**Student:** 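One structure, pasted below without further comment.
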Amino acid sequence: MALSRKVQQVQPSATLAMSSKTKEMIAKGIDVINLSIGEPDFTTPKAIGDAAIAAINSGKASFYTPAGGLPELKTAIRARIKAEDGVDYRQNQVIVTDGAKFALFLIFQVILNPGDNVLLPEPFWVSYSEQVRLAGGQPLAIKASGKDHKVTVADLEQMRTPQTQAMVINSPQNPSGLLYTAEELRELGNWAVAHDILIVADDIYSNLVYNGNQFTSLVSLGEAIKKQTLLVTGVSKTYAMTGWRIGYVLGDPQIIKAMNTVASHATGNPAAVSQYAALAGLNGDQKDAEKMRLAFEKRLNLLYPKIQSLPGFEIETKPQGAFYIFPKVKQAVAQCGYSTTEEFVEALLEEAHVAVVSGRSFGQPDYIRISYATDQASLDEAYKRTKDFLETKSK
Ligand SMILES: Cc1ncc(COP(=O)(O)O)c(C=O)c1O
C-alpha cells in the first residue's frame, strides 16, 4: 500500500519524538531530566478543572457544539483579546479549534493552492513547515539577519515571490524565547500590507513575557495591519492546559468561515468539556496564570547565567518570553568530539540523562532548545549533569 506523495514529504514532530523517547526511558526506570518538552509542568488550575467537572455533571458537556466553538466561549475570547491587545473583533471573526496547532493546520488548508509559498523566519516552530506541505504549499525558510534571530523586511523581500501567500510571525518565539518590539512588528506589518501577504501571528506565548519586557501583538498596530493578520493563540500555555486542546483564531470573516467549513468535516467540534474549561480560564481572575508566569520568570533568571557559563555554549541575548533557551552549541559539539548536534544531543541523553532538542528541526542545526518548563531542582540537576558531561567529554 503506497502512501500519498504529500504525506511522504512530511517529517514527524522532532520535539514530540524526543519527548516520547525520553518518556520511554523514564518508564524503564532511567532517571532522565526532560528539558525537551514544550508544555508547562504545572497542572491546570483547580477552578478550571472544577468548571469542567461541573459541565460534565450538569450534562452540558454531553453534546456536540457548533463546529467553530460555543458562542459564549467566542464572546469570552473576544473580551480577553480586547483586554490584552486592545482590539475589537466580531463574533463571526472567531473560531475555536482543537489547539492552536490545529488552528494553524486549518489556516494553511484554506489559504494555500499548489505552488503557493509561506515565509517562515528561522528559527521556526517545527510544525509550520510540515503543515504548509500537508496543505500542498511550499514552506520558504527565511534567514533572519536582524538582531537576536529576528527577521527584517529586507530578509523577507529577498525571498518574496508572486506565489507568496503568507508569512508566520511568532513572538515570543519558540525556540529562542525572543520578543519582537512594536517598531519591528510595525515594519513587518506594513510590508505585508503593501504586498498583500497574509500575516499569521502566532501569539501562543503572549502571556509568558518576563522581566518587564512588553508584548505587542501585530493586531494592535492599526486597522490595516489588523485586517491583514490572522491572530492565532489559545489556552495551552497561559493556563497550563496543553492536554485540553483548545486554541483559537481571530481575523478575516471569510477565512474564519472557510476554516469553520473544514473543521465541520474534520473534527466536528473541539471537545465540549474542554471548551467549558477554557471558558472558566478566560473569564477567571487570571491570578493562577500570573503565578505560573512568575515561576517561569524566576527559573529563567536562575538558569540563564548558568547556561551562559557552560563551556562552548553561546547566547547573544537573554530570552524575554516563552519557556525556552536556545544556545548555540557549535563549539561544545566540536570540543566534545562530535560532528553533529544530533550526536551531541543523543549522547547527552544516553550518558548524562538530560533530554534537549536539536535546533535542526527549527532550521538551525548549530543550536539546541532547552525548555525550563520543569521544577527548579530538576533544572539545577540538569545543569550539573550537563556541566560534568561537557567537562568529561572535552578532556
Ligand atoms: C509556537 C507554537 N505555536 C503553537 C503551538 C500549539 O499549541 P497548542 O496546539 O497546544 O494550542 C505551540 C505548542 O508547542 C507552539 O510552540
Side-chain angles (χ1 to χ4, degrees), residues 12-20 34-42 44 48 69 73 77 80 95-108 118 120-132 139 149 151 166-180 199-209 215 217-218 230-250 259 263 266-267 270-271 274-275 277-278 281-282 289 292 296 319-326 357 359 361-364 369-374:
S13 162
T15 48
L16 291 188
M18 192 62 182
S19 212
S20 320
N34 191 0
L35 308 186
S36 71
I37 35 177
E39 63 180 343
D41 53 318
F42 302 108
T44 306
I48 297 176
L73 180 54
I77 290 166
R80 184 119 303 281
I95 181 170
V96 183
T97 56
D98 294 66
K101 189 177 257 190
F102 191 61
L104 290 156
F105 182 90
L106 283 177
I107 290 173
F108 298 128
V118 177
L120 302 177
E122 284 176 347
F124 53 80
W125 183 49
V126 290
S127 291
Y128 301 141
S129 51
E130 308 313 278
Q131 291 186 346
V132 168
H149 299 290
V151 77
M167 67 178 190
V168 179
I169 299 294
N170 171 219
S171 170
Q173 191 187 52
N174 175 6
S176 70
L178 293 165
L179 190 68
Y180 281 77
I199 307 168
V200 178
D202 183 346
D203 288 3
I204 193 83
Y205 294 101
S206 64
N207 290 306
L208 296 177
V209 173
F215 167 77
S217 176
L218 272 150
L230 291 173
L231 164 53
V232 181
T233 185
V235 295
S236 286
K237 318 283 175 174
T238 305
Y239 303 108
M241 289 181 72
T242 47
W244 299 81
R245 312 307 305 126
I246 296 291
Y248 28 91
V249 184
L250 298 97
M259 290 171 69
T267 54
S274 298
Q275 293 191 59
L282 292 165
M292 293 188 275
F296 287 130
Q320 293 121 18
F323 33 63
Y324 310 106
I325 300 181
F326 195 57
V357 186
S361 47
F362 301 94
Q364 298 204 317
R369 190 190 76 172
I370 298 168
S371 162
Y372 54 89
T374 193

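On a predicted model such as this, the values are computed, not experimentally measured, just so you know. Remember, it's 1-based here, ligands and their atoms both numbered in the order they're listed.
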**Student:** Could you say whether the N/O atoms of Ala100 and ligand 1 ever approach to under 3.5 Å?
**Tutor:**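 By distance alone, the answer is yes.
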**Student:** Output yes when the distance from some N or O of ligand 1 to some N or O of Asn174 is under 3.5 Å, and no in every other case.
**Tutor:**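 For ligand 1, there is an N or O atom that lies under 3.5 Å from one belonging to Asn174.
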**Student:** Please confirm whether the ring centroid of Phe323 lies under 6.0 Å from the ring centroid of Tyr205.
**Tutor:**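 Under 6.0 Å, so yes.
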**Student:** Within the distance-only criterion (no hydrogens, no angle test), does the side chain of Asp98 pair as donor or acceptor with the backbone N or O of Arg245 below 3.5 angstrom?
**Tutor:**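 No, because the side chain of Asp98 does not come within donor-acceptor range (under 3.5 Å) of the backbone of Arg245.
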**Student:** Please determine whether any non-hydrogen atom of Phe102 lies less than 4.0 Å from an atom of ligand 1.
**Tutor:**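 Checking ligand 1 against Phe102, which is what was asked, there is no heavy-atom contact under 4.0 Å.
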**Student:** Any atom of ligand 1 sitting under 4.0 Å from a heavy atom of Arg245?
**Tutor:**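 Checking ligand 1 against Arg245, which is what was asked, there is a heavy-atom contact under 4.0 Å.
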**Student:** Please verify the inter-ring angle class for Phe105 with Phe102; under 30° counts as parallel, over 60° as perpendicular, anything in between as tilted.
**Tutor:**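 Aromatic pair Phe105/Phe102 classed parallel.
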**Student:** With a 4.0 Å cut-off on heavy atoms, does Tyr248 reach ligand 1?
**Tutor:**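 False for this residue.
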**Student:** Measure the distance from atom 5 (C) of ligand 1 to every protein heavy atom, then report the residue, atom name and distance (to 0.1 Å) of the closest one.
**Tutor:**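 Checked against all protein heavy atoms, atom 5 (C) of ligand 1 sits closest to Trp125 CH2, 3.4 Å.
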**Student:** How far does CD1 of Ile246 sit from CD of Gln275, to the nearest 0.5 angstrom?
**Tutor:**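 CD of Gln275 is found 5.0 Å from CD1 of Ile246.
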**Student:** Taking the non-hydrogen atoms of Thr242, is any one of them nearer than 4.0 angstrom to ligand 1?
**Tutor:**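 Contact check Thr242 vs ligand 1: negative.
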**Student:** Got an N/O contact under 3.5 Å between Lys101 and ligand 1?
**Tutor:**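 Yes, at least one N or O pair falls under 3.5 Å.
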**Student:** Keeping the roles fixed (side chain from Thr44, backbone from Ala240), state whether a donor-acceptor pair exists under 3.5 Å.
**Tutor:**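 Yes; judged by distance alone, with no hydrogens or angles, the pair exists.
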**Student:** Are any non-hydrogen side-chain atoms of Asn34 and Thr374 less than 4.5 angstrom apart?
**Tutor:**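 Side chain of Asn34 against side chain of Thr374, heavy atoms only: no contact under 4.5 Å found.
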**Student:** Of the protein's non-hydrogen atoms, which lies at the shortest distance from atom 3 (N) of ligand 1, and what is that distance?
**Tutor:**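 Scanning the protein heavy atoms, the shortest distance from atom 3 (N) of ligand 1 goes to Asp202 OD2, 2.6 Å.
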**Student:** Measure the distance from atom 13 (C) of ligand 1 to every protein heavy atom, then report the residue, atom name and distance (to 0.1 Å) of the closest one.
**Tutor:**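 For atom 13 (C) of ligand 1, the nearest protein heavy atom is Lys237 NZ, 2.8 Å.
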**Student:** With a 4.5 Å limit on heavy-atom distance, are the side chains of Ser217 and Leu231 in contact?
**Tutor:**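 Yes - at least one pair of side-chain heavy atoms lies under 4.5 Å apart.
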**Student:** For ligand 1, is Gln173 a contact, meaning one of its heavy atoms is under 4.0 Å away?
**Tutor:**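 Per 4.0 Å heavy-atom rule, Gln173 does not contact ligand 1.
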**Student:** Would you say the side-chain atoms of Thr97 pair up with the backbone N or O of Gly99, donor to acceptor, closer than 3.5 Å?
**Tutor:**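 Yes, because the side chain of Thr97 sits within donor-acceptor range (under 3.5 Å) of the backbone of Gly99.
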**Student:** With heavy atoms of Tyr205 as the reference, note each atom of ligand 1 found under 4.0 Å away.
**Tutor:**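 Those of ligand 1 that fall under 4.0 Å from Tyr205 are 1 (C), 14 (O), 15 (C), 16 (O).
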**Student:** Between Gln131 and Lys101, is there a donor-acceptor pair closer than 3.5 Å when you use the side chain of the first and the backbone of the second?
**Tutor:**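 Here the side-chain-to-backbone pair exists.
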**Student:** Which atoms of ligand 1 have any heavy atom of Ser236 under 4.0 Å away?
**Tutor:**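 Per the distance check, 8 (P), 10 (O), 11 (O).
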**Student:** Test your reading of the model: is there a side-chain donor-acceptor pair from Ser129 to the backbone of Pro139, 3.5 Å cut-off?
**Tutor:**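 The answer is no, because no donor-acceptor pair under 3.5 Å joins these two groups.
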**Student:** What atoms of ligand 1 come closer than 4.0 angstrom to any heavy atom of Asn170?
**Tutor:**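 Taking each heavy atom of Asn170 in turn, ligand 1 has 1 (C) under 4.0 Å.
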**Student:** When only distance counts, is Tyr128 in polar contact with ligand 1, meaning an N/O pair under 3.5 Å?
**Tutor:**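 The answer is no, given that Tyr128 and ligand 1 share no N or O pair closer than 3.5 Å.
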**Student:** Answer with yes or no whether Gly99 contacts ligand 1, where contact means a heavy atom under 4.0 Å from a ligand atom.
**Tutor:**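 Yes, that is the case, since the closest heavy atom of the residue is under 4.0 Å from the ligand.
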